[in-house]
Enquirer: 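Take this structure first; my questions come after.
Each chain gets a letter, A, B and so on, in the order its sequence line appears, and its residues count up from 1.
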2 protein chains.
Amino acid sequence: MRGLVRQGALTPEDKALLLGLELETRRVSASEVLWYEDTDADLFCVLKEGWAYSYRHLENGSKQILKLYLPGDIIGLRDFGFSRRLAGVAMINEGVVCPFSYQQLLELFGRSALAVGLMATAVRQQALLTERLVYLGRHDAQERLAHFLYELYLRLKRIGAVEDNSFLMPLSQEQIGDALGLSPVHVSRTFSMLRDDGLVTRDRQQITLPDPEALAQLVEFDDNYINESLPTDLSVLSIASLAVDNRKEPGVHSTVDK
Amino acid sequence: MRGLVRQGALTPEDKALLLGLELETRRVSASEVLWYEDTDADLFCVLKEGWAYSYRHLENGSKQILKLYLPGDIIGLRDFGFSRRLAGVAMINEGVVCPFSYQQLLELFGRSALAVGLMATAVRQQALLTERLVYLGRHDAQERLAHFLYELYLRLKRIGAVEDNSFLMPLSQEQIGDALGLSPVHVSRTFSMLRDDGLVTRDRQQITLPDPEALAQLVEFDDNYINESLPTDLSVLSIASLAVDNRKEPGVHSTVDK
DNA sequence: CGAACGGTTGACAAGGGTCAAGTTCGGTGG
DNA sequence: CCACCGAACTTGACCCTTGTCAACCGTTCG
């Protein structure tokens, strides 16, 4: 940071913005909750003293800590681009924080909707990661697989790749295991359980979810982290796609591996 | 995206940038590797067709899949701000990608070093998450705890909160369990094992790592994701701190108390 | 002094890993 | 058209890691 300042990397705009911030620090006590899961996301903080953590409470009564924040860390970038908090944050010991509003962050990105969108996209990917972390930490094989399939179902539906609650899934069970932290053998067993419960049917790579809602309930899926369309729901990709679709060309193959 | 365009949310600068991109699509075959772990990070892609995944290979021979990419997803934001890839990316089936350079991304962020820094900070936090994901998925209790403590050690050292290989850790064993996906009972057992192996000693909240290198080896720690100081290693936080420190109390006791 | 809390230890059970022996299916070659 | 092969999946037996429950201990705090 001093780095940044020294390097003179800050533009006049940056400097103006920084000076314009009304900075205020707040002393917070041990165990104090900075914000709860699912509340309005409006600000983030720099943690100046003390330790904090972000967490998710699960319906089965357990909780998963997602990230520890140490002095100097920024808390709350995770929720940028979402309207509600994906996780709560609480102090561990007493400390000091310095809050900023997302509004200020937006001004920082200033004129570029693309930059905002990219940031939001990155944050969104982080949300998916986070969700998987929760499942690896606190759920058994059946819940992990159910969650995995349901997430896939939602993401594919979003891009129109689901028909009749059914979609193609080109992953081997070994790869699924590598994603969920399970052995391929157990993935197979788990598929059988889900089939026996009538939640998933499968023929080769064709997956069908006879009753997606039932699955959703099993995995307490909060789909707003996938479906929420934020103000700037861009996806540069699509822009890129548009621009490109005109002049197609078969490309170059490079490496392969197995 | 069409959303973005329709909304007219794109500034003239954005549009110019988009038009200025030389877009090229590349057809990629099934199992093709887009890039390997630990190689130079210079570009990212929009996945236009096919499925892909990012992964980490572990020394114990297993592998952890971090994220699945479906058509429309952006691949490689993860590594923005790092010089080397934290994870490999491979195709699952055949598909089409559309590559962009990080350079272009930088131009997008254009004049604001702050914006770049924030993005990099977000990405960096994602790296920590990713690392925990790998440990939850593919490592036993002892390795998880060792990794957790070593990561803490590095992060605290970075901010000067380690003395004589020793630091204060204000977390209860239950909280550690919630972070690592373990029961509090087993956290206790695991601490005992590490103590018996001479890797960690502990007195109340005081943790000492007699031989940090030995720990590092046990957890195959790649510390560049914590220590690498990227070109724009800012941390807005510190700027904030600076701005604030002038007109606030000394309050520089770094952390902790119970 | 006595709760209450966090940590420790032991006994037991369960979820999941590993190994090994099938089974199914798509592809290949005769 | 059929025999064969390999990859992916399935199933069973067995064992190890970890969770659960419970009793116990040491500190801290009222």
Enquirer: Tell me: CG of B:Asp178 to P of C:dG6, nearest whole Å?
Expert: 12 Å

Enquirer: Send over the distance from A:His139 NE2 to C:dG16 C1', rounded to a whole Å.
Expert: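 One finds 17 Å between C1' of C:dG16 and NE2 of A:His139, rounded.
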
Enquirer: What is the separation between atom CD on A:Glu143 and atom C1' on C:dG15, rounded to the nearest whole Å?
Expert: 12 Å

Enquirer: When rounded to the nearest 0.5 angstrom, what distance separates CZ in B:Phe44 from CG in B:Asp79?
Expert: 11.5 Å

Enquirer: Would you say A:Arg202 reaches D:dT10's phosphate, i.e. side-chain N/O to OP1/OP2 under 4.0 Å?
Expert: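 A:Arg202 to D:dT10 OP1/OP2: side-chain N or O found under 4.0 Å.
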
Enquirer: B:Gln173 side chain N/O closer than 4.0 Å to the phosphate oxygens (OP1, OP2) of C:dT8?
Expert: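 Result: yes.
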
Enquirer: Quick one: B:Asp203 CG to C:dG7 C1', roughly how many Å, whole number?
Expert: 13 Å

Enquirer: Roughly how many Å is it from CD1 in B:Ile176 to C1' in C:dT8, rounded to a whole number?
Expert: 15 Å

Enquirer: What integer distance in Å separates B:Leu136:CG from D:dT18:C1'?
Expert: 14 Å

Enquirer: Considering just the side-chain nitrogens and oxygens of B:Gln142, establish if one lies under 4.0 Å of OP1 or OP2 belonging to D:dT17.
Expert: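 Answer no for this pair, as no side-chain N or O of B:Gln142 is under 4.0 Å from OP1 or OP2.
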
Enquirer: Taking the nucleotide of DNA chain C with the nearest heavy atom to each, does A:Val185 or A:Arg204 sit closer to the 5' end?
Expert: A:Val185

Enquirer: Counting the atoms with a prime plus P, OP1 and OP2 as sugar-phosphate, which does B:Gly177 contact under 4.0 Å by heavy atoms, base, sugar-phosphate, or nothing?
Expert: nothing

Enquirer: Considering only heavy atoms and no angle criterion, is a donor-acceptor pair shorter than 3.5 Å present between the side chain of A:Arg189 and the base of C:dT18?
Expert: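 Between C:dT18 and A:Arg189, which were checked side chain against base, a qualifying N/O pair under 3.5 Å is present.
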
Enquirer: When you measure from the side chain of A:Ser192, which nucleotide among D:dC9, C:dT9, D:dT11 comes out closest?
Expert: D:dT11

Enquirer: Once you round it to whole Å, what is the distance between C1' of D:dA13 and NE2 of A:His186?
Expert: 15 Å

Enquirer: Tell me whether the rings of A:Tyr150 and A:Phe221 are parallel (<30°), tilted (30 to 60°) or perpendicular (>60°).
Expert: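 It falls in the perpendicular class, over 60°.
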
Enquirer: Below 4.0 angstrom, N of the basic side chain to O of the carboxylate: do A:Arg85 and A:Asp38 qualify?
Expert: no

Enquirer: Rounded to the Å, how far apart are B:Leu182 CG and C:dG15 P?
Expert: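 For the pair B:Leu182 CG and C:dG15 P, the rounded distance is 17 Å.
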
Enquirer: In terms of side-chain geometry, is the basic nitrogen of B:Glu32 or B:Arg26 positioned less than 4.0 Å from the acidic oxygen of its partner?
Expert: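 Yes, B:Glu32 and B:Arg26 are salt-bridged.
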
Enquirer: 5'-most contact on DNA chain C: B:Ser188 or B:Arg138, nearest heavy atom basis?
Expert: B:Ser188

Enquirer: Select base, sugar-phosphate, or nothing to describe what A:Ser183 touches, counting heavy atoms under 4.0 Å on all strands.
Expert: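 The residue A:Ser183 makes base contact.
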
Enquirer: Would you mind checking if B:Arg132 and B:Glu151 are paired as a salt bridge, meaning a charged N to carboxylate O distance below 4.0 Å?
Expert: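 Salt bridge: no.
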
